[in-house]
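Okay, structure first, notes after.
Keep in mind it's a predicted model, so treat the numbers as computed, not measured.
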Amino acid sequence: MADAEQPVVLRKYGTPAPLVRIIGWTVLACLAAFLINNILNVGFGYARVMDFIQGQGGALAVGMYAAFIACAVIFVLMTKDVALRWDADRIHRFNLYIIRVCFWSVLLVGIADSLIAILRVEKGLDFFFSEDTVRSLGLSRYVGSYVHLPLIGLSFIIALFTRTLGFTWLTLMIVASELLIVISRFVFSYEQALMGDLVRYWYAALFLFASAYTLYEEGHVRVDVLYAGFTDRTRGFVNAFGSLFLGAATAWVILYIGLNGKQSIINAPLMNFEITQTGGVGMFVKYQMAGFLGMFAITMLIQFVSYFFEAVADYRSEPGKRELAPVAH
């Protein structure tokens, strides 16, 4: 599904709302500080804010949060003329870039890792690589460091020059993979664990990475039967409240639990390059699937800030509202 380049909202398209912008940009500042602090803690042993509260160091972490929040407040005060819809559009476009990077990463890594896996199972690596390299390609840490990470880095570059989010192509690849499994299993009586690994890998990426864009397009199913009858102003209030106290709060819970120290459910698999129980006969991507949950929370949190700005602008009846499909009810 291509990113339909929405027209850029005018910088002064609406009444400035510095307090609302400070709230939103502070959330993003705390997100940046949290992620950096997590890397410093897991990779280099630096203390966290919780350690500071418990009197076990962590002054650097607290100072970093304070600095990031201060930068957010200063940024808003220096750009008082920026309207909410302008900010929402800018944040959304940055989020689109992150999602494009994620989709290109799983596409490239999925293809590369599945090829390595099938060659590993069928003893085909011996024809292309030395004995030491073949042995290394049987280790998830080596494949993750020297195959996956360069491809992820390449994805950052590709995402700069593409405007498609990859939903359509990734869905097509999933269907092709499922078709290949059916043909190989029922026609040739041949199946490998890597086939199921690849489908699960791409399925997880499709649903978790597409969630933020689906929120932008109002594509998520609403269970509130009253919402369809609300005025635009009331909808704006409900969406603004829900964005902060339900959506953003849920994303923060996922991030806190998943990235809470070296042994947390996201950090531990990433640090250990965790693989499935199939071991060397499958793909080495399970650790990334743990990271998908973190990327889901990050992209959703960023999108909820953008959604919050849009909702407040709707509540204030500011011009420039995006036209969306009618809400199903």
Side-chain angles (χ1 to χ4, degrees), residues 1-3 35 94-120 137 140-181 192-216 219 251 254-255 258-259 265-276 278 282-303:
M1 184 181 298
D3 171 18
L35 295 177
F94 173 74
N95 210 27
L96 288 183
Y97 172 71
I98 296 177
I99 297 172
R100 287 199 303 271
V101 170
C102 292
F103 274 110
W104 278 106
S105 296
V106 297
L107 183 62
L108 297 178
V109 169
I111 294 174
D113 199 282
S114 60
L115 288 176
I116 294 174
I118 190 65
L119 289 175
R120 187 190 307 118
L137 289 174
S140 62
R141 183 172 296 275
Y142 181 88
V143 175
S145 300
Y146 295 101
V147 178
H148 295 172
L149 290 183
L151 291 176
I152 293 174
L154 178 62
S155 299
F156 279 90
I157 299 175
I158 297 176
L160 288 172
F161 301 98
T162 61
R163 287 297 177 267
T164 175
L165 290 178
F167 297 147
T168 303
W169 289 110
L170 191 59
T171 304
L172 178 62
M173 296 296 286
I174 292 173
V175 173
S177 299
E178 290 277 19
L179 181 62
L180 180 61
I181 291 176
Q192 292 291 345
L194 65 94
M195 297 178 178
D197 290 343
L198 180 61
V199 171
R200 285 189 293 271
Y201 179 64
W202 278 344
Y203 257 132
L206 177 64
F207 287 106
L208 291 176
F209 296 160
S211 295
Y213 189 79
T214 306
L215 174 64
Y216 174 77
I254 296 173
L255 288 173
L259 302 175
I265 59 175
I266 294 178
N267 281 331
L270 290 176
M271 291 295 294
N272 298 321
F273 291 93
E274 184 177 313
I275 61 175
T276 63
T278 56
M283 295 176 62
F284 293 161
V285 293
K286 183 181 179 181
Y287 75 96
Q288 289 191 24
M289 296 175 71
F292 288 177
L293 186 60
M295 291 306 303
F296 161 77
I298 292 170
T299 54
M300 286 298 286
L301 181 57
I302 295 173
Q303 196 62 50

**Prompt:** Just how far is it from atom CG of L198 to atom OG of S177, taken to the nearest 0.5 Å?
**Reply:** 4.5 Å
**Asked** Is the backbone of F273 close enough, under 3.5 Å, to the side chain of S140 for a donor and an acceptor to pair up by distance?
**Response** yes
**Asked** Taking atom SG of C102 and atom CZ of F156, what is their separation to the nearest 0.5 Å?
**Response** 7.5 Å
**Prompt:** Between CG of L151 and CG of L107, what distance do you get to the nearest 0.5 Å?
**Reply:** 10.0 Å
**Message:** Could you report the tightest heavy-atom contact between I181 and G196, atom names first, then the distance?
**Reply:** CD1-N, 4.2 Å
**Asked** Got I254 and L301 here, is their nearest side-chain heavy-atom distance under 4.5 Å?
**Response** no
**Prompt:** CD1/I98 to CD1/I302 distance, rounded to the nearest 0.5 angstrom?
**Reply:** 4.0 Å
**Prompt:** Parallel, tilted or perpendicular: which describes the rings of Y146 and Y142, with under 30° parallel and over 60° perpendicular?
**Reply:** tilted
**For L194 against M283, the heavy-atom pair lying closest together** = O-SD, 3.6 Å
**Message:** Does atom CZ (F207) have a neighbourhood of more than 12 heavy atoms from anything else shown, all under 6.0 Å?
**Reply:** no
**Prompt:** Quick one: are F284 and V147 in side-chain contact, heavy atoms under 4.5 Å?
**Reply:** no
**Asked** For the residue pair A212 and I99, what are the closest heavy atoms and their distance?
**Response** CB-CD1, 3.9 Å
**Asked** Relative to each other, are the rings of Y287 and H148 parallel, tilted or perpendicular (30° and 60° limits)?
**Response** parallel
**Message:** Between L96 and R100, is the side-chain contact (heavy atoms from CB on, under 4.5 Å) condition met? List the steps.
**Reply:** CA-CA 6 Å; L96 288 183; R100 287 199 303 271; 3.9 Å; yes
**Message:** Please tell me whether Q288 and Y201 have a donor and an acceptor in their side chains that are separated by less than 3.5 angstrom.
**Reply:** yes
**Item:** Distance, nearest 0.5 Å, that separates CG of N95 from OH of Y216
**Value:** 11.5 Å
**Prompt:** What heavy-atom pair brings F209 and V106 nearest, and what distance separates the two atoms?
**Reply:** CE1-CG1, 3.8 Å
**Any W202 side-chain heavy atom under 4.5 Å of E178 side chain** = no
**Complete:** d(T276 OG1, D197 CG) to nearest 0.5 Å is 4.5 Å
**Complete:** In short, P150 meets S145 closest at the heavy-atom pair CD-O, 3.5 Å
**Asked** How far apart are the closest heavy atoms of F292 and A204, and which atoms are they?
**Response** CD1-CB, 3.8 Å
**Request:** Keeping the roles fixed (side chain from N272, backbone from A268), state whether a donor-acceptor pair exists under 3.5 Å.
**Result:** yes
